[in-house]
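What follows is a set of notes on a single structure, which appears directly below.
Quantities reported herein were computed from a predicted structural model and do not represent experimental measurements. Throughout, residue positions are numbered sequentially from 1 according to the sequence presented.
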Amino acid sequence: MQKLKVALVQQKVRPTRQENLDESAAGIRKAAAQGAKLVVLQELHAGSYFCQTEDTSCFELAEPIPGPGTEFLGALAAELKVVIVSSLFERRAPGIYHNTSVVFDSDGSIAGKYRKMHIPDDPGFYEKFYFTPGDLGFEPIRTSVGTLGVLVCWDQWYPEAARLMALAGADLLIYPTAIGWDPRDEDAEKERQREAWITIQRSHAVANGIPVLSVNRVGFEPDPSGVGAGIQFWGSSFIAGPQGEYLAQAGQENEELLIADLEPKRSEDVRRIWPFLRDRRIDAYGDLVRRYRD
């Protein structure tokens, strides 16, 4: 494959689940019409970011996999002959729920899934209340367009996760995301946070010599409890090449469809001049499995 056209769908939340799915589908159709063969949706794209508060009624939003969401997206992947990376609230069993990315191959089948491994618990991001930590490991998913290292949001801050995906043969790293500002923060602090988010992910591209696709939601979502100030999601979805170079970047305020061409051969070319994987001192990294060296 000389080039792979990829697309990210950056969107705002709609009032209902079906409206959100329809908007995601519209983005996928538009991307396919422009030649994209891989389309990535943002984290929990079927609804609002409900983790701003702890509310047991939100568990009603979860669904089994396979289930209605996978049927809808699988049919779309088969119709358009594209690979889709989605993000769903998975009901695995009573009392066990996951934040799960499901990957559909171009024939509509489920190529694989990834359950979010790193689960945050911060003001406005009370995910530990809802999500059981993933138990599928850092295993890339093989598809007709390549082997995808799919991770989710908070995972993007951990170089270990990116490295393990790369060592397992991922051709690119993909991060469905929901991240934004506390509106009460000063502008300078907001920009530091956004720049840190971009920088850490571009560094994963550099350190592993593979592209990174990161798609974030956009728009303001109030705290349903009224306790917090809500979240202003900062968009800024981007596609970076294997040296961290920008191939495409979205703005901070509007819905956008981001499209770029990846050149799979560039990853090997870059790894030949920057052989980070070759020069790793795997004999000296034993302490990485410790929480902290006291």
- For Y126, does its backbone N or O pair with a side-chain atom of Y130 as donor and acceptor, under 3.5 Å? no
- Take atom NZ in K128; do more than 12 heavy atoms of anything else shown fall under 6.0 Å from it? yes
- Message: Between Q232 and P183 (side chain of the first, backbone of the second, donor and acceptor by atom type, cut-off under 3.5 Å), is there such a pair?
- Response: no
- Query: Tell me, do I198 and W234 make a side-chain contact under 4.5 Å, heavy atoms counted?
  - Reply: no
- Taking atom types as modelled, is there a side-chain donor on E256 or S237 under 3.5 Å from an acceptor on the other? no
- Task: In plain terms, say whether R14 and E255 are close enough for a salt bridge, that is, a side-chain N and a carboxylate O under 4.0 Å apart.
- Result: yes
- Message: Angle between ring planes, F59 versus F89, binned at 30° and 60°: parallel, tilted or perpendicular?
- Response: tilted
- Item | Ionic contact status for R163 with E160, cut-off 4.0 Å | no
- Message: Is it true that W181 and Q193 share a donor-acceptor pair across their side chains at a distance under 3.5 Å?
- Response: no
- Item | No-hydrogen, no-angle side-chain donor-acceptor test under 3.5 Å, Q201 and S214 | yes
- Item | Stepwise side chain to side chain contact (heavy atoms under 4.5 Å, CB included) check, R280 with L167 | CA-CA 11 Å; R280 294 175 63 240; L167 292 178; 3.8 Å; yes
- Less than 4.0 Å between a side-chain N and a carboxylate O, is that true for E23 and K12? no
- Is there a chain of hydrophobic side chains (I, L, V, M, F, W, Y, each step under 4.5 Å between heavy atoms) that links V102 to L44? no
- Rounding to 0.5 Å, atoms NE2 (H204) and OG1 (T199) come to a distance of 11.0 Å
- Hydrophobic cluster membership, L4 vs V39, 4.5 Å side-chain cutoff: no
- Message: Quick one, F129 and T56 - any side-chain contact, counting heavy atoms below 4.5 Å?
- Response: yes
- Heavy-atom nearest pair, K5 first then Q34, reads CD-O, 3.2 Å
- Query: Is it true that a side-chain atom of E71 and a backbone atom of P66 form a donor plus acceptor pair closer than 3.5 Å?
  - Reply: no
- Does the E139 side chain pair with the main chain of G112, one donor and one acceptor, at a distance under 3.5 Å? no
- Message: Is it true that, when you exclude I282 itself, more than 12 heavy atoms of the residues, nucleotides or ligands shown sit nearer than 6.0 Å to its CD1?
- Response: no
- Before giving the answer on side chain to side chain contact (heavy atoms under 4.5 Å, CB included), spell out for Y49 and E127 the whole-Å C-alpha distance, their side-chain angles and the decisive distance to 0.1 Å. CA-CA 10 Å; Y49 181 74; E127 295 195 15; 2.7 Å; yes
- Close side-chain approach of L38 and I174, heavy atoms under 4.5 Å: yes
- Query: Which of these, T177, V40, V85, sits in a side chain to side chain contact (heavy atoms under 4.5 Å, CB included) with V215?
  - Reply: V40
- Main-chain N/O of G230 paired to D223 side chain as donor or acceptor, under 3.5 Å: no
- Message: Taking CD in E63 as the centre, count heavy atoms belonging to other residues, nucleotides or ligands within less than 6.0 Å. Is the count above 12?
- Response: yes
- Any chance you could measure K37, atom NZ, to L80, atom CG, to the nearest 0.5 Å? 9.5 Å
- Item | For A248 against A260, the heavy-atom pair lying closest together | CB-CB, 4.2 Å
- Item | Distance in Å, N208 CG paired with S203 OG, rounded so as to fall on 0.5 Å steps | 8.5 Å
- Task: Would you kindly confirm whether V212 and L164 end up in one hydrophobic cluster when ILVMFWY residues are joined by side chain heavy atoms under 4.5 Å apart?
- Result: yes
- Following the transitive rule for hydrophobic clusters with a side-chain heavy-atom cut-off under 4.5 Å over Ile, Leu, Val, Met, Phe, Trp and Tyr, establish whether V82 and V103 coincide in one cluster. no
- Note on the structure: Checking W154, Y158, F125 against H118 for ring pair (Phe, Tyr, Trp, His ring centres under 6.0 Å), the one that qualifies is Y158
- If every non-hydrogen atom of Y114 is compared with every non-hydrogen atom of V150, which pair is closest and at what distance? CG-O, 3.3 Å
- Message: Does any part of the side chain of R142, heavy atoms only, come nearer than 4.5 Å to the side chain of D105, both counted from C-beta?
- Response: no
- Nearest-0.5 Å distance that lies between atom CZ in F131 and atom OH in Y97: 11.5 Å
- Pair D171-L262, side chain to side chain contact (heavy atoms under 4.5 Å, CB included): steps then yes or no: CA-CA 11 Å; D171 295 318; L262 303 183; over 6 Å; no
- Message: Return the SG to CG distance between C153 and N99, rounded to the nearest 0.5 Å.
- Response: 8.0 Å
- Task: Can you see which heavy atom on S106 is nearest to which on S144, and at what distance?
- Result: OG-OG, 3.1 Å
- Query: How many angstroms lie between atom OG of S225 and atom CD of E54, to the nearest 0.5 angstrom?
  - Reply: 10.0 Å
- Whether Q11 side chain and V9 backbone form a donor-acceptor pair below 3.5 Å: no
- Query: Going through the checks in order, is the side chain to side chain contact (heavy atoms under 4.5 Å, CB included) test met by V218 and N254?
  - Reply: CA-CA 7 Å; V218 72; N254 298 318; 6.0 Å; no
- Note on the structure: Exactly one of K113, K116, R115 clears salt bridge (charged side-chain N to carboxylate O under 4.0 Å, His left out) with D135, and that residue is R115
- Query: Judged by modelled atom types alone, do S236 and R194 share a side-chain donor-acceptor pair under 3.5 Å?
  - Reply: yes
- Message: If we ignore hydrogens and angles and just use 3.5 Å, is the side chain of S101 paired with the main-chain N or O of S87 as donor and acceptor?
- Response: no
- Query: Does the side chain of I28 reach to within under 4.5 Å of the side chain of L41, using non-hydrogen atoms?
  - Reply: yes
- Cluster link V6 to L247, ILVMFWY, side chain under 4.5 Å: yes
- Are side-chain heavy atoms of L8 and I239 found at a separation under 4.5 Å? yes
- Task: Quick one: closest heavy-atom pair of L258 and Q249, and the distance?
- Result: CD1-C, 3.6 Å
- Message: To check you understand the geometry: which heavy-atom pair defines the closest contact between T132 and H98, and what is its length?
- Response: O-ND1, 3.0 Å
- Taking only Lys NZ, Arg NE, NH1 and NH2, and the carboxylate oxygens of Asp or Glu, determine whether R271 and E268 approach each other closer than 4.0 Å. no
- Query: Are any of the side-chain heavy atoms of L88 and H45 separated by less than 4.5 Å?
  - Reply: yes
- Heavy-atom distance under 4.5 Å between the side chains of T70 and F104, does that happen here? yes
- Task: Scan side-chain atoms only and decide if E19 and T16 contain a donor-acceptor pair under the 3.5 Å cut-off.
- Result: yes
